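Since we're looking at a predicted model, the values are computed, not measured. Atoms within each ligand, like the ligands themselves, are counted from 1 in listed order. Positions are given from 1, in the same order as the sequence printed here.
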Amino acid sequence: MNIIFVGPPGAGKGTQAQIVSKTFKIPHISTGDMLRAEMDSGSKLGNQVKDIVTSGKLVDDDLMNQIVKERLSKSDAISGFILDGFPRTLNQAESLDEILKSMGKQIDRVIYVDVPENIIVERLSARRICPKCGRNYNMITDPPKEDEMCDVCHVHLITRDDDKPETVKKRYQVYLELTSPVIAYYRQKKVLFTIDGTMKMKDIEKHLIEMIKGRK
Ligand code: AMP
């Protein structure tokens with residue numbers, strides 16, 4: 001099963017993709033996580049994209065297409081994958097079609113996680129991350145037991161640079177301008193399924209699994 005999660009930043013795509021990854025035993029490929037890992041390791045690629053990522057802009061299409069092509073050719077993606085954060089532009093969506101065609105594959109489901117802008121801004125400004133284990137918290141809906149400390153590592157939680165209010169606005173603008181056409185692209189191909197990302201996590205999980213199994 002080859003799946004894409006698309007939706008505004010902060011819609012909960014990452015959390016939902018992890019659930020689907022565990023349930024269907026296919027890798028969760030988040031291009032945002034891949035770029036952050038490169039930045040944290042101080043690699044040449046990481047340094048190249050750092051300013052772009054922290055300002056909320058998009059990394060160059062050709063570079064992203066290359067990164068995803070290499071990742072999809074790894075052995076763990078043979079029997080399926082979940083893409084989260086890619087494609088984010090029409091150019092990336094068309095390039096993904098070409099990549100998959102050359103591998104004799106196709107996209108089975110595109111899941112659009114729909115969340116209105118006011119909730120996105122509220123969620124992203126409440127998001128915190130553990131700098132050690134990478135676990136995400138939300139100070140409103142999923143706070144740590146001890147104030148601003150990771151439940152597992154007991155270190156101070158941090159706010160991602162691109163979750164700061166000015167950058168959140170920029171990321172949302174970029175999403176509207178460049179990523180919403182991707183939703184229309186998949187709707188036209190009749191592979192788009194919409195999920196209401198404001199529902200309770202348990203309900204989202206149930207709907208998602210039914211959608212992917214083709215019962216919805
Ligand atoms: P995310 O964690 O998916 O919100 O991604 C964080 C940041 O990484 C984005 O704001 C972009 O700067 C960059 N990024 C991630 N995926 C892509 C992509 N497919 N195309 C361009 N930039 C990306």
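Remark: ligand 1 and V59 share an N or O pair separated by less than 3.5 Å (distance only, no angle test). Residue D33 has no N or O atom closer than 3.5 Å to an N or O atom of ligand 1. Between G85 and ligand 1, at least one N/O pair is under 3.5 Å apart. Between D162 and ligand 1, no pair of N/O atoms sits closer than 3.5 Å.
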Any chance you could lay out the side-chain hydrogen bond (donor to acceptor under 3.5 Å, both in side chains) test for D62 and N91, step after step, and finish with the verdict? CA-CA 9 Å; D62 288 345; N91 173 304; 5.1 Å; no
Is there a side-chain hydrogen bond (donor to acceptor under 3.5 Å, both in side chains) between T89 and D61 once you walk through the steps? CA-CA 8 Å; T89 63; D61 282 339; 3.0 Å; yes
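With hydrogens left out, the protein atom closest to atom 8 (O) of ligand 1 is L35 CD1, 3.6 Å, a heavy atom.
In the displayed structure, E166 atom CD is contacted under 6.0 Å by more than 12 heavy atoms of other residues, nucleotides or ligands.
Contact between I140 and E122 at its shortest, heavy atoms only, is CD1-CG, 4.1 Å.
Taking a cut-off of under 4.0 Å to the non-hydrogen atoms of F86, the atoms of ligand 1 that pass are 19 (N). Those atoms of ligand 1 with a heavy atom of T31 less than 4.0 angstrom away are 15 (C), 16 (N), 17 (C), 19 (N).
Contacts of V53 with ligand 1, taken as heavy-atom pairs under 4.0 Å, involve both backbone and side chain. The residue K50 has no part lying near ligand 1, judged by heavy-atom distances below 4.0 Å. Residue contacts with ligand 1, taken as heavy atom pairs separated by less than 4.0 Å, involve R36 solely via side-chain atoms from C-beta onward.
Note that NE2 of H207 and CD1 of I212 are 13.0 Å apart. Values are rounded to the nearest 0.5 Å.
S21 is not listed as a side-chain neighbour of P27, based on a closest heavy-atom distance of 4.5 Å or more.
Summarising the contacts of atom 3 (O) of ligand 1 with K57, Q92, K13, R88, the nearest heavy atom is found in R88.
Close to ligand 1: R160, with a non-hydrogen atom less than 4.0 angstrom away.
A salt bridge links D162 with R160; the closest basic N to acidic carboxylate O contact falls under 4.0 Å.
No side-chain N or O of E177 forms a donor-acceptor pair with one of Q173 less than 3.5 Å apart.
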